[in-house]
Visitor: 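There's a structure below that I have some questions on.
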There are 2 protein chains.
Amino acid sequence: MGAGVVEKTLDLDGFDRKIINILSGEGRISVTELARRIGLSKSPTQARLKRLEESGVIRGYRALYDPILLGRDHVAFVEVKLSDTREAALAAFNKAVVVIPEVEQCHLIAGAFDYLLKVRTDGMIGYRAVLAEKISTLPHVSHTSTYVAMQAVKEDGVGGNGGGGT
Amino acid sequence: MGAGVVEKTLDLDGFDRKIINILSGEGRISVTELARRIGLSKSPTQARLKRLEESGVIRGYRALYDPILLGRDHVAFVEVKLSDTREAALAAFNKAVVVIPEVEQCHLIAGAFDYLLKVRTDGMIGYRAVLAEKISTLPHVSHTSTYVAMQAVKEDGVGGNGGGGT
DNA sequence: TATGAAATAATCCTACT
DNA sequence: AGTAGGATTATTTCATA
């Protein structure tokens, strides 16, 4: 995305695609089951899986959690405007924002050199604290606009960490 | 989120929290390894894992993919305004939007009764097709504004499906 | 590159502390 | 409720085609 053309030349055939699609829904099934579903025996299935993992197509596996049961059902989207949009400023912002655990997603948006953040907390009080203490103090932030989600109509599960506690 | 207080009364102790945090990063490790890491023997670890799964805290497992290697690195956020925001209209919109595979996320936003959608495609051409043929034709849509992401600064992996092909 | 068999390691179940 | 041990099943490696 952006600078540098990345080598996209990995040839994924139908079996690889099937593996990808199955594992996107059920990431913990056994290789035996996976082999049965794609219609191949165990060894080649395992070899393909390993190849997908080592080539970087599969970056890892994650458990999906119920945000409500974990008490982390407050989602807000934050539009962030920067006072400086030069490369160094963007890099500083990027580096600082990725380590905030409550920030689930952060995208650089075209057109206005803004960022759009997705922030998950355990409630409005927690959100205000994150906004005041973490997001507003990020490098070169000049203005933020918050949009609170009333309902997650479609969403994948939530990661385990992010302010809860280890 | 919103109507109906949900029973949050599951008591998660430190071991459960450890399980949740570990599995959020490595969702495919064995129960043996999991037991070793949380400092418990295998049987209780497995019992706790099963309890977390059956209580709904863990909703499933998913493989994370590299969007670039899969050729699905175009992300856009769409603000959708509805002409009708009564309950029935919202329900109709919700029902229709969840089945669009390119829509990764959809949130009902407070304040203006808008929706914010995250749409992933294989490029601008694919995005325009999705916007014209799928999003704009959703029930009660009156207006959309698109914000294209130039860079994913922080983001979990991507699901396997969404326009690719089975 | 797929198949099939043998060694290894995981899961599952039962009994004990 | 956690630990320990044994039976079942899956995964891994290796040989073969």
Side-chain angles (χ1 to χ4, degrees), chain A residues 7-66 69-71 157 159-161 164-166, chain B residues 7-66 69-71 157 159-161 164-166:
Chain A
E7 194 178 348
K8 282 189 189 176
T9 325
L10 26 186
D11 40 324
L12 304 177
D13 63 359
F15 290 119
D16 293 319
R17 291 237 160 69
K18 275 189 181 177
I19 290 174
I20 289 170
N21 280 327
I22 291 170
L23 256 42
S24 71
E26 305 196 47
R28 224 181 138 84
I29 62 170
S30 66
V31 177
T32 308
E33 173 92 13
L34 189 63
R36 198 184 54 75
R37 292 203 203 173
I38 68 173
L40 237 58
S41 62
K42 285 172 276 186
S43 300
T45 304
Q46 183 171 314
R48 283 167 181 273
L49 182 59
K50 197 169 187 176
R51 178 170 158 270
L52 288 171
E53 289 171 349
E54 290 180 350
S55 67
V57 174
I58 295 179
R59 301 200 310 198
Y61 301 89
R62 207 182 67 169
L64 303 177
Y65 301 108
D66 188 317
L69 291 176
L70 286 177
N161 220 332
T166 308
Chain B
E7 194 179 346
K8 283 188 190 176
T9 324
L10 27 187
D11 41 321
L12 304 177
D13 63 1
F15 289 118
D16 293 318
R17 291 235 159 71
K18 275 189 181 177
I19 291 174
I20 289 170
N21 280 327
I22 291 169
L23 257 42
S24 71
E26 304 197 48
R28 223 181 139 82
I29 63 171
S30 67
V31 176
T32 307
E33 173 91 13
L34 189 63
R36 199 183 55 73
R37 291 205 205 172
I38 68 173
L40 238 56
S41 64
K42 286 172 277 185
S43 301
T45 304
Q46 183 172 318
R48 282 167 182 274
L49 182 58
K50 194 169 188 178
R51 178 170 158 272
L52 287 171
E53 288 171 349
E54 291 181 348
S55 66
V57 174
I58 296 179
R59 301 200 310 198
Y61 302 89
R62 208 182 69 168
L64 303 176
Y65 302 108
D66 188 317
L69 291 176
L70 286 177
N161 219 334
T166 309

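Computed over heavy atoms, backbone and side chain alike; hydrogens, waters and symmetry mates excluded. Letters A, B, ... are given to chains in the order of the sequence lines, protein chains preceding strands, and every chain is numbered from 1.
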Visitor: Just by distance, do the side chain of B/Arg62 and the backbone of A/Tyr61 share a donor-acceptor pair under 3.5 Å?
Guide: no

Visitor: Just how far, in rounded Å, is C1' of C/dT3 from CZ of A/Arg48?
Guide: 14 Å

Visitor: Quick one: is B/Ser41 getting a side-chain N or O under 4.0 Å of the D/dG2 phosphate, OP1 or OP2?
Guide: no

Visitor: Let me have a per-nucleotide readout for nucleotides 10-17 of chain D, 5' to 3', with B, S or -, counting only protein heavy atoms under 4.0 Å.
Guide: SBBB----

Visitor: Nearest 0.5 Å, what's the CD-CG distance between A/Glu26 and A/Leu34?
Guide: 10.0 Å

Visitor: Check this for me: does any side-chain nitrogen of one of A/Lys50 and A/Glu53 sit under 4.0 Å from a carboxylate oxygen of the other?
Guide: no

Visitor: Please report, rounded to the nearest Å, how far the C1' atom of C/dA10 is from the CZ atom of B/Arg36.
Guide: 14 Å

Visitor: Rounded to whole Å, please give me the gap between CG in A/Leu34 and C1' in C/dA2.
Guide: 16 Å

Visitor: Tell me whether A/Lys18 is salt-bridged to A/Asp13, with the criterion being a basic N under 4.0 Å from an acidic carboxylate O.
Guide: no

Visitor: Can you tell me how far P of C/dC12 sits from CZ of B/Arg51, to the nearest Å?
Guide: 18 Å

Visitor: Taking the side chain from B/Arg28 and the backbone from A/Gly60, do they hold a donor-acceptor pair closer than 3.5 Å?
Guide: no

Visitor: What do the steps show when you test B/Asp11 against B/Arg51 for salt bridge (charged side-chain N to carboxylate O under 4.0 Å, His left out), and what is the final call?
Guide: CA-CA 11 Å; B/Asp11 41 321; B/Arg51 178 170 158 272; 3.7 Å; yes

